[in-house]
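Have a look at the structure below before the remarks.
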Amino acid sequence: METVLKFDRVILTKELNEKFKKVGEVFEIANILDDSFLLRDSKTKVAVGVIKFEDFDEYFVKENEFEGWTKWMPLTGFDGQTDCLYRTNRRKTQVKFITDKVRGESCCNRNDEFNLYIGIQLAYLRCLNKAFEQKKVQEELKLTTIEKEISYNNQIIKKILNSLNT
């Protein structure tokens, strides 16, 4: 394990348990106990939990060493359904729908502090707009296809009627 000091900022890289699903969030080492670290939220400074030294490297990385994207994590809605996934690289957040294969993204301004929850909300809404736009285009294609079919059928009807009249 790398040296971790009090007040170091660390990032959760994978879910710790069912109640602690804050992947991508930044925490501070509030205190170093005999065999574990006391973590606190980096913004509110409220203590959030304790993690043992041996588990630390599996779930956390120091903030200045964090690179790349987190793995895709399920995003559960108000109805309890998981219909989309999200990931973050601490500057951008991406959300994708499982069924529609549509992806939305939000990006943090370089002057702002990263906020995962706002990023997820923006990316989700953008993803939702893309899904609606995609469905709209599909419906328009269906309508034009139906219109073409009707026009083609009308031409055949005219030919049949013309052939009957002659």
For this session: Could you tell me whether the side chain of R40 and the main chain of K45 form a donor-acceptor pair under 3.5 Å?
Result: no

For this session: Check whether any side-chain N or O of K92 sits under 3.5 Å from a backbone N or O of C108 as a donor-acceptor pair, and report yes or no.
Result: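 Pair absent, no side-chain N/O of K92 close to backbone of C108.
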
Can you tell me how far [atom2] of [Y] sits from [atom1] of [X], rounded to the nearest 0.5 angstrom?
X    : Y    : atom1 : atom2 : result
E54  : S36  : CD    : OG    : 9.0 Å
I51  : E58  : CD1   : CD    : 8.0 Å
F37  : K52  : CZ    : NZ    : 12.5 Å
Q121 : L116 : CD    : CG    : 10.0 Å
K96  : D83  : NZ    : CG    : 13.0 Å
Q94  : C107 : CD    : SG    : 10.5 Å

Exercise. If two hydrophobic side chains count as joined below 4.5 Å and joins carry through other members, does V10 share a cluster with L38?
Worked result: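 In one cluster: no.
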
Exercise. For the hydrophobic clusters of this structure (ILVMFWY residues joined by side-chain heavy atoms under 4.5 Å, transitively), does one cluster hold both I118 and L128?
Worked result: no

How close do [X] and [Y] get, counting heavy atoms only, and between which atoms?
X    : Y    : answer
C127 : F97  : SG-CD1, 3.3 Å
S106 : L122 : CB-CB, 3.7 Å
T93  : A123 : O-CB, 3.6 Å
V95  : I120 : CG2-O, 3.9 Å
Y117 : N115 : N-OD1, 3.0 Å
D112 : R91  : O-NH1, 4.0 Å

For this session: Go through the steps to decide whether I29 and F56 satisfy the test side chain to side chain contact (heavy atoms under 4.5 Å, CB included), and finish with yes or no.
Result: CA-CA 11 Å; I29 305 296; F56 181 80; 4.2 Å; yes

Problem set entry | Verdict with supporting geometry, F60 and T13, side chain to side chain contact (heavy atoms under 4.5 Å, CB included) | CA-CA 6 Å; F60 290 93; T13 57; 6.0 Å; no

For this session: Apply side-chain hydrogen bond (donor to acceptor under 3.5 Å, both in side chains) to Q155 and list each qualifying residue two or more places apart in sequence or on a separate chain.
Result: none

Exercise. Does the side chain of V50 come within less than 4.5 Å of L39's, by heavy atoms?
Worked result: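 L39 vs V50: side chains apart.
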
For this session: Side-chain contact test, heavy atoms from C-beta onward, threshold under 4.5 Å: evaluate it for N129 versus Y124 and give yes or no.
Result: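 Side-chain contact under 4.5 Å: no.
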
Exercise. Is D34 atom CG crowded by more than 12 heavy atoms from other residues, nucleotides or ligands, each under 6.0 Å away?
Worked result: no

Exercise. Is the centre of the Y59 ring less than 6.0 Å from the centre of the F27 ring?
Worked result: no

Problem set entry | With I98 via side chain to side chain contact (heavy atoms under 4.5 Å, CB included) - residues at least two apart |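 Side chain to side chain contact (heavy atoms under 4.5 Å, CB included) list for I98, sorted by chain: L85.
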
Problem set entry | side chain to side chain contact (heavy atoms under 4.5 Å, CB included) partner of F114, chosen from V26, T88, N109 |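 Result for side chain to side chain contact (heavy atoms under 4.5 Å, CB included) with F114: T88.
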
